[in-house]
Amino acid sequence: MAQHDAQMTGAEILLKALVDQGVEVIFGYPGGVVLPIYDELFKQNRLRHILVRHEQAAVHAAEGYARSTGRVGCVLVTSGPGATNTITGLTDALMDSVPLVCITGQVPTHLIGNDAFQEADIVGITRPCTKHNYLVKKPDDLARTVHEAFHVAKSGRPGPVVIDLPKDVITGRGEYQPPSRMKTKYKPQVKGDLKAIEKAVEMIAAAKKPIFYVGGGVVNSGVAACQLLTQLVRMTGYPCTQTLMGLGAFPASDPLSVGMLGMHGTYEANLAMHGADLIINVGARFDDRITGRLKDFAPNAKKIHIDIDPSSINKNVMVDHAVVGDCAHILEDMIKVWKAKQCRPHEKALKEWWAIIDGWRGRNCLHYENSNKIIKPQYAIQRLYELTKYKNPYITTEVGQHQMWAAQHFKFEQPCHWMTSGGLGTMGYGLPAAMGVQVAHPNALVIDIAGESSIQMNIQEMATLCQHRLPVKVFILNNQYMGMVRQWQELIHGGRYAESHMEHHPDFVKLADAFGAVGLRATKPGEVDDVIKEMISVDRPVIVDVRTDASENCFPMIMPGMAHNEMVLGPEENVKVEPGSDEGGMVLV
Amino acid sequence: MSNEQDIERHTIAVLVANEAGVLARVIGLFSGRGYNIESLTVAETDTKENLSRITIVTSGTKMIVEQIKNQLRRLVPIYKVADLTTDGPHVSRELALVKVASSGEKRVESLRIADIFRANVIDSTNESFVFEVVGATEKVDAFIKLMEPLGLVDVSRTGVAAIARGANPL
């Protein structure tokens with residue numbers, strides 16, 4: 001009898017394990033098989049539950065929470081459709097290396113495989129879109145599994161982990177195990193090999209046209225890693241470019257920053273990559289949006305790759321030297337070695353290199369023709385930046401032109417303030433992600449920079465914002481088109497705008513009102529500042545409908561399948577690209 | 001000199017936790033990322049530690065094979081990945097059960113060839129034999145090819161099991 005008293009139900013074990021893992025917030029949606037868990041949630045007040053309107057949004061919200069805090073995001077959904085609705089979010093988190101633990105309900109073990117009501121093979125479905133997943137078969141295994149899931153989610157290259165919980169495991173009784181009793185064989189390499197680090201430092205010191213190319217891995221490694229990176233870059237005086245995911249890892253205002261690189265990166269960043277004799281990749285993965293045509297990627301550069309995930313090394317680009325480990329540790333060691341060896345950059349060469357880069361900078365590639373009649377989207381973002389920067393806001397985005405303009409024109413001085421869907425490119429990411437950020441930072445200014453098409457993919461979450469009093473600001477650049485699709489159709493598909501124009505949009509101001517939020521609109525350039533100021537002053541969720549130039553394209557651009565030195569700087573350049581053209585056996589996308 | 005683009009065949013030994021779904025993870029990795037599997041063998045090899053050993057024969061460029069190993073190492077229940085082809089000399093064997101149905105001279109000839117290959121007859125009827133042949137993949141291939149004109153009707157192969165030469169464990 002005494003032993004029986006020491007035991008707890010699966011639901012109790014789960015919540016205790018979550019609390020012991022430091023979880024404070026769960027994003028979720030109840031349903032049949034997880035009701036016993038919700039019953040336990042009802043009886044306690046240590047875990048806060050944010051009730052979303054769609055399970056996909058729960059995962060994106062947990063992503064926003066995780067990326068703005070550096071902690072593990074937590075999701076709870078029911079079996080079947082509840083679980084299948086999380087797939088996009090899980091895949092997004094996997095691509096962008098966001099640590100999540102997603103708990104899904106499952107039908108009782110004796111019904112698994114019987115096509116029971118609300119049954120789906122979630123362990124099977126999520127196998128390729130999670131870092132790892134578990135099906136818990138008995139309550140005694142539950143606590144250990146939860147602890148290991150958190151360990152796996154946040155160790156090494158972070159990622160989403162699913163725990164599938166059959167109803168009989170939730171209701172059955174078992175013994176609780178504290179985190180200290182967890183044994184795991186999963187121990188990724190964290191410290192970098194010192195010899196490899198010394199060689200990297202030697203290569204860095206010897207370079208004449210170097211560039212730091214930094215990605216989301218530095219942000220994932222933590223604020224300390226970003227500070228170490230900044231220290232190292234400043235010690236060398238070398239230029240530093242950031243990927244979409246790496247924005248904020250190095251201060252945008254620092255003169256050593258040459259901005260973002262890649263398809264819509266700056267002229268100076270891409271040409272510096274192309275002309276470099278050494279690329280120092282810290283926590284980035286030579287993604288195809290970064291490299292352009294691989295054959296002509298950085299033809300004269302030696303490449304150093306620092307990454308915690310060995311499978312990222314030599315995946316797309318063969319590198320000359322690799323250091324595997326957590327970049328915080330590696331950067332710390334690199335700084336030590338640099339100091340100990342009294343390394344000095346090659347002063348004369350570096351001066352010449354900067355002169356060339358400054359020449360590229362002089363092209364002012366982010367320039368656009370402003371108008372006093374119609375709101376240019378770039379202008380709207382610039383004003384948003386200027387009028388909100390004193391509040392150090394958190395910015396999320398959806399996916400498309402507005403995302404690229406935000407990346408180009410919003411300047412990030414700190415990590416963890418920029419949340420965007422990079423790898424998967426998920427329209428509908430920004431609003432729920434902003435929700436998660438606002439939960440983590442209740443007093444901060446959180447803005448979702450959105451397009452009118454993307455926002456409609458998860459617009460239902462406005463209700464969640466209102467219910468939980470989360471004053472997220474949705475800043476819609478409304479150009480009546482799926483802008484990036486329209487841009488590609490204009491530039492690559494002969495101006496045939498197949499299905500990129502939505503004939504009908506909701507009235508976003510009335511829509512905001514219907515949800516119980518505040519709706520604002522700007523249709524002329526002169527109104528932009530006023531709506532932004534009003535947006536900031538309102539302590540409620542706000543939708544701002546900014547009517548922008550429908551024909552504006554996002555430049556500069558490396559056309560699909562082209563190389564860094566073949567950038568298109570603006571509409572005045574005649575662009576000719578064949579759709580799906582074939583080069584060296586590779587279809588260009 | 002080997003070219004970066006040359007397709008190489010590698011035998012990879014993988015030590016995994018013997019739990020449900022591990023094989024699906026490995027196979028899913030190969031199909032999801034478009035890698036080749038030429039042969040795959042799996043069985044529990046360590047009952048104390050509850051470990052299984054998977055032997056995979058795969059092919060690809062140097063870069064791809066390197067990717068395959070690193071992607072495998074990323075899977076949580078995978079404890080060890082070794083490339084037997086590059087790590088040193090190794091031996092590999094495959095077992096095949098080969099059913100041949102024939103009569104007269106063909107039946108006698110199949111027995112003669114089995115003798116040369118040191119294949120055993122493990123089932124016999126008046127119309128058929130089942131041969132058990134063990135050896136390197138090439139030997140098994142050759143045996144099956146020779147049986148084709150002699151009434152080959154069915155083949156079951158285990159896939160490759162491989163192990164490094166010398167005293168050291170994986």
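Fair warning: this is a prediction, and the values are worked out from it, not measured in the lab. In what follows, chains are A, B, ... by sequence order, proteins preceding strands, each numbered from 1.
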Working to the nearest 0.5 Å, report the span between OH of A:Y186 and CG of B:L75. 10.0 Å
With a cut-off of 6.0 Å (strictly less than), are more than 12 heavy atoms of other residues, nucleotides or ligands near CG of A:D115? no
Enclosure of B:L40 CG (heavy-atom neighbours >12, cutoff 6.0 Å): yes
Turns out that what part of A:L135 lies under 4.5 Å from chain B's heavy atoms comes down to neither
Is B:Q71 in contact with chain A via its backbone, its side chain, both, or neither, using a 4.5 Å heavy-atom distance? both
So does A:K185 pair up with B:E49, basic N to acidic O under 4.0 Å? yes
Spacing of B:R25 atom CZ and A:H132 atom NE2 [to the nearest 0.5 Å]: 4.5 Å
Quick one, A:N314 and B:Q67 - any side-chain contact, counting heavy atoms below 4.5 Å? no
By a 4.5 Å heavy-atom criterion (distance strictly below it), what part of B:A20 contacts chain A: side chain, backbone, both, or neither? side chain
Between atom CD1 of B:I68 and atom OG of A:S311, what is the distance when rounded to the nearest 0.5 Å? 12.5 Å
Heavy atoms, side chains only, cut-off 4.5 Å: are A:R157 and B:R74 in contact? yes
B:R73 CZ to A:Q189 CD distance, which is reported to the nearest 0.5 Å: 11.0 Å
For atom NZ of B:K139, decide whether the heavy atoms of other residues, nucleotides or ligands shown that lie under 6.0 angstrom number more than 12. yes
Contact origin within A:N133 toward chain B - heavy atom pairs under 4.5 Å: both
Which bit of A:V324 is near chain B, if near means a heavy-atom gap under 4.5 Å: side chain, backbone, both or neither? neither
Could you grab the distance from atom CZ of A:R127 to atom CD1 of B:I27, nearest 0.5 Å is fine? 9.5 Å
Quick check on A:P128 against chain B: is it the side chain, the backbone, both or neither that has a heavy atom closer than 4.5 Å? neither
